[in-house]
Each structure stands twice: as structure tokens, then as C-alpha cells.
Amino acid sequence: MALQRVLITGAAGNLGRVLRERLRGSFPVLRLSDRDEMAPAEPGEEVVRCDLADAEATQRLCAGVDAILHFGGRSLEGTWPEILSANIVGAINLWEGARLAGVERIVFASSNHVIGLYRRTEIIDHRVMAKPDGRYGLSKAFGEDIAALYANKHGIKAFCMRIGSCFEKPTNRRMLSTWLSFPDFERLVRVGLTADYLFEIVYGQSRNTRTFWDNSNAIRLGYDPRDNAEVFAAAVENKVTGNPLSDELQGGDFVPPDFSGDFGKL
Ligand code: NAI
Ligand code: 15L
């Protein structure tokens, strides 16, 4: 059945604003939500301020919604309390609110930091064991796991996108591998909103020559990326840190803070 009302969480954030622009008019109603202020509603939009750490408010937020694009939460490393509230409690409240509201599917903004401690020389797919590079990456692994629970136990479809680096352009050498252009981002989200699946993990990346990730699962589901970070290579090729932890592991700059592990064993 066609989706009538689609909710975007994190609508005040960078990717939430990109989605708001690109999905405008695609569904009868786009419900936009964030704990921060958003631009006023335009025709076909509803704007609802909500802190995802508030269970009752999140339950109300999900009422009458067919699909959720879950982008709200802490998007960088943080303290345990910050991560716990926005990304763990927030995820629990969102999936539980979705269950109570009878939501059909959730497209989840997971992150490459779920697998940030793999080496860049290793091409990994969506089936590898998680190797988070910090508290933030761990919270995204939790998001994928709660998505699996609610998919398998309650039938809420889940499309977990391990997004690489979704920005206008790559800004360093690592992003020649991890970049996701905005047009390809939109293409992948539309696959999440329309494809036939129960629970899937895919990588949010463009068709990058230097990729770290085998994204055949996304391609199988209908993703057709068109952009390649390589066109920016000359401008950013030399942008490295000189620290092997960030230059040789997939998670880049998220790896060095507090690192006291055995680099040789990774
Ligand atoms: P952002 O930080 O610009 O946006 C996140 C939004 O979530 C903010 O507007 C913030 O106010 C909101 N938020 C935070 N805590 C909240 C709470 N407790 N309740 C309600 N809203 C809350 O981040 P960006 O770049 O737009 O990323 C969006 C999502 O995509 C995030 O979940 C991030 O982890 C994920 N992601 C983004 C990547 C990227 O390259 N931009 C890469 C990988 C994952
Ligand atoms: C993420 O998960 C962050 O949300 C984003 O700001 C970038 O740092 C990205 O990963 C990345 O790894 O480049």
C-alpha cells in the first residue's frame, strides 16, 4: 500500500534537511521532527518538536505514521550519558512507539562506525561481526540490533544504512572510499522506503573506486549509485593525518581518542 505519512526524525540536522528538500511532495504528508527548532511547515508537512528520550512524546510522534526515516540522535562520539539518552533510549522509544502505532517500516541511519576497527585493506560486507570504534559506533550497533528484534518479532521492516560520509564533497583521502553523495543518498533512502525485505543492512556509499565495502546487498535490493568520489581525488589525496590509527582503520578520526588496544591484533 502507498505510504501516506512518512516521519523524519533528526529533521533539523544536516541529512534531515537534505531529506526534507529531496522528498518534498513524494508522499501526502511528511512529518518532520527534531528536538531542535525546524523551519515552519509548508503544505504537505507537519512539524513536531520532540525529544526522543521522552517515551510518551515519542509514542505520540509515531501515531498515524506508515514509515519512519530515523535520523535523529547524536551523530558523533559523545560521553556515555549523551550516547545513552539520544541513541540508546531514543532508539528504544522510537521502535516501541512504532510498534504501538503499527508502523510498517523504519529506515535507520546507522553508521560505518559500527565496523570502524576493521582495516582499510579488508573489503567487508554487511555480514561481518560488528567492531565498533567507540561509544557512538556501539550505539549504532545497538540500533541495528533493536531493528532486528522488532523486525523478526513484530514484523516492522528495517533497512539499516551504515552510512559512510554523506557530505556535499569528500574532504580527505578517507572519504574517497566512504563518500555518499546527496543524490545517491536519496536513491538509497528510496530503496529503503519501497523494496521488499524484512531486515537488511546495507552500506551508504556512492560507487567509489576505493571502497572498503562490498555493497552487493544494497545492489540486490535495487540501489543504483551513480557518483564516484574519485573525481575529487586530486583535491583531497594528500589529506591524511599521519596517525596509523586513523589512516589505516576504516573509522578514521573516530579511532584514536582513548585508544589503548593492540593495533597489531586488529
Ligand atoms: P546532525 O547532528 O546534523 O543531525 C542529528 C539531529 O538529531 C540534530 O538535528 C539533533 O538536534 C537531533 N537529535 C539529537 N538528539 C536528539 C534527541 N534526543 N531527540 C530528538 N532529536 C535529537 O547529523 P547528520 O549528519 O544529519 O546525521 C543524521 C543521522 O545520520 C545521525 O543519526 C547520524 O548518526 C547518521 N549518520 C550520518 C553520517 C553523515 O555522514 N552525515 C554518517 C553516518 C551516520
Ligand atoms: C558518522 O557517523 C558521522 O555522523 C559523520 O559526521 C561522519 O563523521 C561520518 O560518520 C564519517 O565517518 O565520515
Side-chain angles (χ1 to χ4, degrees), residues 14-15 18 22 71 75-77 107-134 136-138 140-141 144 159-192 200-257 259 261 263-266:
N14 293 319
L15 298 189
V18 169
R22 288 179 170 267
F71 283 73
S75 60
L76 298 168
E77 186 56 290
V107 174
F108 171 51
S110 183
S111 169
N112 71 88
H113 296 287
V114 168
I115 40 80
L117 291 187
Y118 281 92
R119 285 186 180 266
R120 295 190 189 181
T121 46
E122 204 172 346
I123 303 294
I124 58 173
D125 72 8
H126 59 291
R127 291 170 295 200
V128 297
M129 188 181 76
K131 272 197 196 178
D133 56 26
Y136 167 70
L138 176 65
K140 293 295 185 179
E144 294 181 359
F159 191 73
C160 300
M161 307 190 307
R162 284 185 185 161
I163 302 171
S165 308
C166 190
F167 299 99
E168 187 82 44
K169 293 175 186 178
T171 54
N172 56 40
R173 186 191 288 172
R174 172 177 173 270
M175 289 195 199
L176 295 176
S177 305
T178 59
W179 187 56
L180 174 64
S181 72
F182 292 152
D184 284 342
F185 171 52
E186 177 186 345
R187 289 183 187 102
L188 187 60
V189 166
R190 287 188 186 276
V191 172
E200 298 293 345
I201 293 173
V202 298
Y203 287 96
Q205 61 175 340
S206 285
R207 196 178 282 280
N208 303 326
T209 305
R210 306 188 196 193
T211 183
F212 309 146
W213 307 313
D214 168 354
N215 213 10
S216 46
N217 198 37
I219 307 295
R220 177 184 71 80
L221 288 159
Y223 179 46
D224 181 19
R226 309 275 166 85
D227 296 315
N228 187 335
E230 208 58 27
V231 298
F232 299 99
V236 300
E237 181 83 70
N238 296 329
K239 300 219 181 326
V240 293
T241 67
N243 179 344
L245 287 174
S246 32
D247 290 345
E248 293 179 28
L249 297 172
Q250 296 194 0
D253 289 343
F254 283 57
V255 178
F259 188 89
F263 181 50
K265 289 211 163 67
L266 292 174

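Throughout, residue positions are numbered sequentially from 1 according to the sequence presented.
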Over all heavy atoms of both residues, which pair between [X] and [Y] is shortest? Give the atoms and the distance, please.
X: Asn217; Y: Ile201; answer: ND2-O, 3.0 Å
X: Gly116; Y: Leu249; answer: O-CB, 3.8 Å
X: Leu266; Y: Lys131; answer: C-NZ, 4.4 Å
X: Ile163; Y: Ala109; answer: CD1-CB, 4.0 Å
X: Gly252; Y: Pro256; answer: O-CD, 3.4 Å

Does a side-chain heavy-atom distance below 4.5 Å link [X] with [Y]?
X: Val114; Y: Pro132; result: no
X: Gln250; Y: Leu117; result: no
X: Asp184; Y: Tyr223; result: yes

side-chain contact (heavy atoms from CB on, under 4.5 Å) evaluation trace for Leu221 with Phe159: CA-CA 11 Å; Leu221 288 159; Phe159 191 73; 4.0 Å; yes
Verdict with reasoning, Thr209 to Asn228, per side-chain contact (heavy atoms from CB on, under 4.5 Å): CA-CA 7 Å; Thr209 305; Asn228 187 335; 2.8 Å; yes
Name all residues meeting the side-chain contact (heavy atoms from CB on, under 4.5 Å) criterion together with [X]; count only those two or more places apart in sequence or in a different chain, and write none if there are none.
X: Asn14; result: Arg17
X: Arg207; result: Asp224, Pro225
X: Ala229; result: Pro170, Leu176, Trp179, Asn208
X: Val240; result: Arg173, Asp247

Trp213 backbone acceptor or donor facing Asp125 side chain under 3.5 Å: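 A pair under 3.5 Å: no.
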Ion pair check, Lys140 and Glu144, cut-off under 4.0 Å: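 Glu144 and Lys140: not salt-bridged.
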CG on Asn172 to CD on Glu237, rounded to 0.5 Å: 11.0 Å
Nearest-0.5 Å distance that lies between atom CD1 in Ile115 and atom NE2 in His126: 13.0 Å
For [X], which residues count as a side-chain hydrogen bond (donor to acceptor under 3.5 Å, both in side chains) partner, sequence neighbours excluded?
X: Thr211; result: Gln205
X: Glu77; result: none
X: Ser165; result: Thr178
X: Tyr136; result: none

Partners meeting ring-ring contact (aromatic ring centres under 6.0 Å, His included) with Phe108 (sequence neighbours left out):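 Residues passing ring-ring contact (aromatic ring centres under 6.0 Å, His included) with Phe108: His70, Trp95.
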Trace of the side-chain contact (heavy atoms from CB on, under 4.5 Å) decision for Glu248 with Asn243: CA-CA 8 Å; Glu248 293 179 28; Asn243 179 344; over 6 Å; no
Partner residues of Asp253 under the salt bridge (charged side-chain N to carboxylate O under 4.0 Å, His left out) criterion, sequence neighbours left out: none
For Glu230, salt bridge (charged side-chain N to carboxylate O under 4.0 Å, His left out) partners two or more places apart: Arg210
Modelled atom types, side-chain donor and acceptor of Asp227 and Ser206, under 3.5 Å: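 Distance-only check fails for Asp227 and Ser206.
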Residue pairs fulfilling side chain to side chain donor-acceptor pair (under 3.5 Å) with at least one residue in residues 112-122, sequence neighbours excluded: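 Counting only pairs at least two positions apart or across chains, the side chain to side chain donor-acceptor pair (under 3.5 Å) contacts touching residues 112-122 are Asn112-Arg174, His113-Asp133.
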Trace of the side-chain contact (heavy atoms from CB on, under 4.5 Å) decision for Thr171 with Met175: CA-CA 7 Å; Thr171 54; Met175 289 195 199; 3.3 Å; yes
Output field: ring centroids Phe185/Tyr203 closer than 6.0 Å: no
